[in-house]
J.: 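This is the structure I want to talk about, given as structure tokens.
Chain A is the first sequence line, chain B the second, and so forth, proteins listed ahead of strands; every chain is numbered from 1.
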Amino acid sequence: MRIATWNVNSIRSRLEHVKIFLKDNNIDILGMQELKTEEKHFPFEDFKSLHYYVEVFGQKAYNGVALISRFQFEKVDRNVLVESEARTILGVVRGIHILNVYFPHGGEYGSERFFYKLEFYQKIKNYILKNDFLNTDFILMGDFNVAKDPIDVWDPVALNGTIGFMKEEREAITDLMSVGLIDAFRYLYPDVQEFTWWDYTGGSFRRNWGMRIDYILISKSLLPKLKNCYIEKTFRKLEKPSDHVPVVLELLD
DNA sequence: ATGGTTGTGCAACAA
């Protein structure tokens, strides 16, 4: 089974890229972030005709998350934190709880958005603990908007203290993972430097000035089923790409 | 270089 996450930066602008990705990577379940559309403009039929079940939590212009799956959803819960912004959707597929999250960008140090981001991390942690997901087959994936360790950024010295690599942000993601969530990519490849996001400005992708801010975290019970986790960098090379690329988790059936 | 790029939706904001 192949489960993926991708910040598409507008589903209506990225629909053709997503279709190529699903086909070429034989994806069973995909969590998307930054749909930038309300449900009424989401391209449901495009995914249904590819034989996916579709669950969307949209919002006008900003945010928005979705889960699509080749297997029926046993349960769906939009907006698990009951926030005004569309950032979370939970689906249960084949007995696995999959929580797809678009963590806040946060903005500058000390800003209102910065504190919102840190509080959001705390709320996600509390929600997971409260529902006892760590003792089940559980996946937390999405755009975390934080690079956890120095290996996860192109230049830890230059980026120290900048958005996505501040001490407080790194502590927040470390604290969340410390409850017992395993970073699938890092678990398999402890010393490999790969990125999932490159800024649109300044030729960042060409220079490989990137950060790994998109993750798939799994609970301990899924570890025996972990086959692979890879980052599909090629989608950043296409015309009009998202600034993020997909991350794929392969589980044994 | 107080820059640079993309998307929504039509000016300004968010990323």
Side-chain angles (χ1 to χ4, degrees), chain A residues 5-21 30-44 46 56-66 79 81 83-89 100-121 124 141-148 152-155 158-166 168-170 172-173 195-215 231-247:
Chain A
T5 176
W6 194 1
N7 178 324
V8 296
N9 188 17
S10 167
I11 185 55
R12 285 181 285 172
S13 291
R14 221 65 62 205
L15 185 57
E16 293 313 309
H17 290 193
V18 175
K19 286 179 179 176
I20 294 166
F21 170 66
L30 172 64
M32 291 179 274
Q33 308 89 37
E34 271 207 277
L35 304 177
K36 291 188 167 179
T37 183
E38 295 170 289
E39 271 117 280
K40 64 182 177 185
H41 295 130
F42 185 92
F44 284 94
D46 291 85
V56 178
F57 179 33
Q59 181 184 329
K60 191 175 184 175
Y62 304 113
N63 310 312
V65 286
N79 204 8
L81 299 184
E83 291 280 312
S84 59
E85 301 179 5
R87 295 185 174 276
T88 58
I89 185 167
N100 176 34
V101 178
Y102 176 41
F103 285 83
H105 173 268
E108 299 297 331
Y109 183 85
S111 67
E112 197 177 319
R113 300 297 291 168
F114 169 80
F115 293 114
Y116 175 63
K117 182 180 195 173
L118 297 181
E119 286 161 16
F120 196 96
Y121 262 90
I124 289 289
M141 64 184 188
D143 174 3
F144 286 66
N145 264 315
V146 176
K148 182 171 172 285
D152 298 317
V153 298
W154 67 275
D155 187 339
L159 292 182
N160 185 37
T162 64
I163 298 166
F165 202 58
M166 300 179 203
E168 289 84 352
E169 295 172 314
R170 294 175 58 196
I173 192 171
F195 307 132
T196 64
W197 173 86
W198 297 260
D199 201 306
Y200 281 127
T201 65
S204 294
F205 184 65
R206 180 174 47 81
R207 297 179 157 103
N208 199 27
W209 289 358
M211 301 169 75
R212 191 172 72 99
I213 59 178
D214 301 85
Y215 302 82
I231 295 166
E232 254 293 13
K233 191 177 174 179
T234 54
F235 283 84
R236 193 63 172 75
K237 299 174 185 171
L238 301 183
E239 189 130 347
K240 287 276 177 187
S242 169
D243 44 355
H244 296 251
V245 294
V247 183

J.: Check whether more than 12 heavy atoms from other residues, nucleotides or ligands sit under 6.0 Å from atom CD of Glu38(A), and answer yes or no.
T.: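 Enclosed: over 12 neighbouring heavy atoms sit under 6.0 Å from CD of Glu38(A).
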J.: With the side chain counted from C-beta on, respond yes when Met211(A) and Phe165(A) share a heavy-atom pair under 4.5 Å apart, and no when they do not.
T.: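 Yes. Closest side-chain heavy atoms under 4.5 Å.
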J.: What's the gap between dA11(B) and dT2(B) when it is taken at their P atoms, as a whole Å value?
T.: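 These two P atoms come out 28 Å apart once rounded.
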J.: Does the side chain of Val56(A) come within less than 4.5 Å of Phe44(A)'s, by heavy atoms?
T.: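 They are in contact (side-chain heavy atoms under 4.5 Å apart), so the answer is yes.
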J.: Residues from residues 5-16 of chain A sitting under 4.0 Å of DNA chain B, heavy atoms only?
T.: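 Asn9(A), Ser10(A), Arg12(A), Ser13(A), Arg14(A) - these, ordered by number, are the residues of the stretch whose heavy atoms sit under 4.0 Å from the strand.
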J.: Assign Arg87(A) to base, sugar-phosphate, or nothing according to its heavy-atom contacts below 4.0 angstrom with the strands shown.
T.: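 Sugar-phosphate, backbone atoms only, no base.
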J.: Heavy atoms under 4.0 Å, any strand shown: does Tyr102(A) hit a base, just sugar-phosphate, or nothing?
T.: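 Tyr102(A): backbone/sugar contact only, no base atoms under 4.0 Å.
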J.: Please give me the minimum heavy-atom distance between Ala147(A) and Tyr215(A), naming the atom from each residue.
T.: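 Between these two residues, the closest heavy atoms are CA-OH, 3.4 Å.
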J.: Begin from the C-alpha positions of Arg113(A) and Glu169(A) and carry the test salt bridge (Lys or Arg N to Asp or Glu O under 4.0 Å) through to its verdict.
T.: CA-CA 12 Å; Arg113(A) 300 297 291 168; Glu169(A) 295 172 314; over 6 Å; no
J.: Taking Watson-Crick (N1-N3 plus N6-O4 or O6-N4) and G-U wobble (N1-O2, O6-N3), each under 3.5 Å, can you produce the dot-bracket string of DNA chain B? Use [ ] for crossing pairs and | for inter-strand ones.
T.: ....((((...))))
J.: Look at the side chain of Ser111(A) and the backbone N and O of Gly106(A), then say whether any donor-acceptor pair between them is shorter than 3.5 Å.
T.: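 A pair under 3.5 Å: yes.
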J.: Check each residue of residues 106-115 of chain A for a non-hydrogen atom within less than 4.0 Å of any atom in DNA chain B, then write out the ones that pass by number, or none.
T.: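 Within this stretch, Arg113(A) sit under 4.0 Å of the strand.
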J.: Please say which of Asn145(A), Ile89(A), Leu35(A) ends up in a side chain to side chain contact (heavy atoms under 4.5 Å, CB included) with Tyr102(A).
T.: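 Going through Asn145(A), Ile89(A), Leu35(A) one by one, the side chain to side chain contact (heavy atoms under 4.5 Å, CB included) with Tyr102(A) is satisfied by Asn145(A) alone.
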J.: Between Glu38(A) and Thr201(A), which residue's closest nucleotide on DNA chain B lies nearer the 5′ terminus?
T.: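 By nearest-heavy-atom nucleotide position, the 5'-most residue is Thr201(A).
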J.: If I pick the C1' atom on dC10(B) and the same atom on dA1(B), what distance separates them, to the nearest angstrom?
T.: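 Rounded to whole Å, the distance is 29 Å.
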J.: Sequence neighbours excluded, which residues qualify as side chain to side chain donor-acceptor pair (under 3.5 Å) partners of Lys19(A)?
T.: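 By the side chain to side chain donor-acceptor pair (under 3.5 Å) rule, Lys19(A) matches Asp46(A).
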J.: Should Val146(A) and Ile213(A) count as side-chain neighbours, where that means a heavy-atom distance under 4.5 Å?
T.: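 Of all side-chain heavy-atom pairs linking Ile213(A) with Val146(A), none is under 4.5 Å.
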J.: Earliest and latest nucleotide of DNA chain B, 5' to 3', sitting under 4.0 Å from a non-hydrogen atom of chain A?
T.: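 Going 5' to 3' along DNA chain B, contacts run dG4(B) to dA15(B).
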J.: Can you tell me how far apart CD (Gln59(A)) and CD (Glu39(A)) are? Round to the nearest 0.5 Å.
T.: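 The CD atom of Gln59(A) sits 10.5 Å away from the CD atom of Glu39(A).
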J.: For Asp199(A) and Asn145(A), take the nucleotide of DNA chain B holding the closest heavy atom to each; which residue's nucleotide lies nearer the 5' end?
T.: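 Here Asp199(A) is the residue nearer the 5' end.
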J.: For the C1' atoms, the ones on dC13(B) and on dG9(B), what distance do you get once it is rounded to whole angstrom?
T.: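 It comes out at 11 Å once rounded to the nearest Å.
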J.: side-chain contact (heavy atoms from CB on, under 4.5 Å) with Asp199(A): which residues, sequence neighbours excluded?
T.: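 Asp199(A): side-chain contact (heavy atoms from CB on, under 4.5 Å) contacts with Trp197(A), Thr201(A), Ser204(A).
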J.: Cut-off 3.5 Å, side chains only: do Glu83(A) and Tyr116(A) have a donor facing an acceptor?
T.: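 Tyr116(A) and Glu83(A) do have a side-chain donor-acceptor pair below 3.5 Å.
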J.: Strictly under 6.0 Å, is that where the ring centroids of Phe195(A) and Trp154(A) end up?
T.: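 So the answer is no for these two rings.
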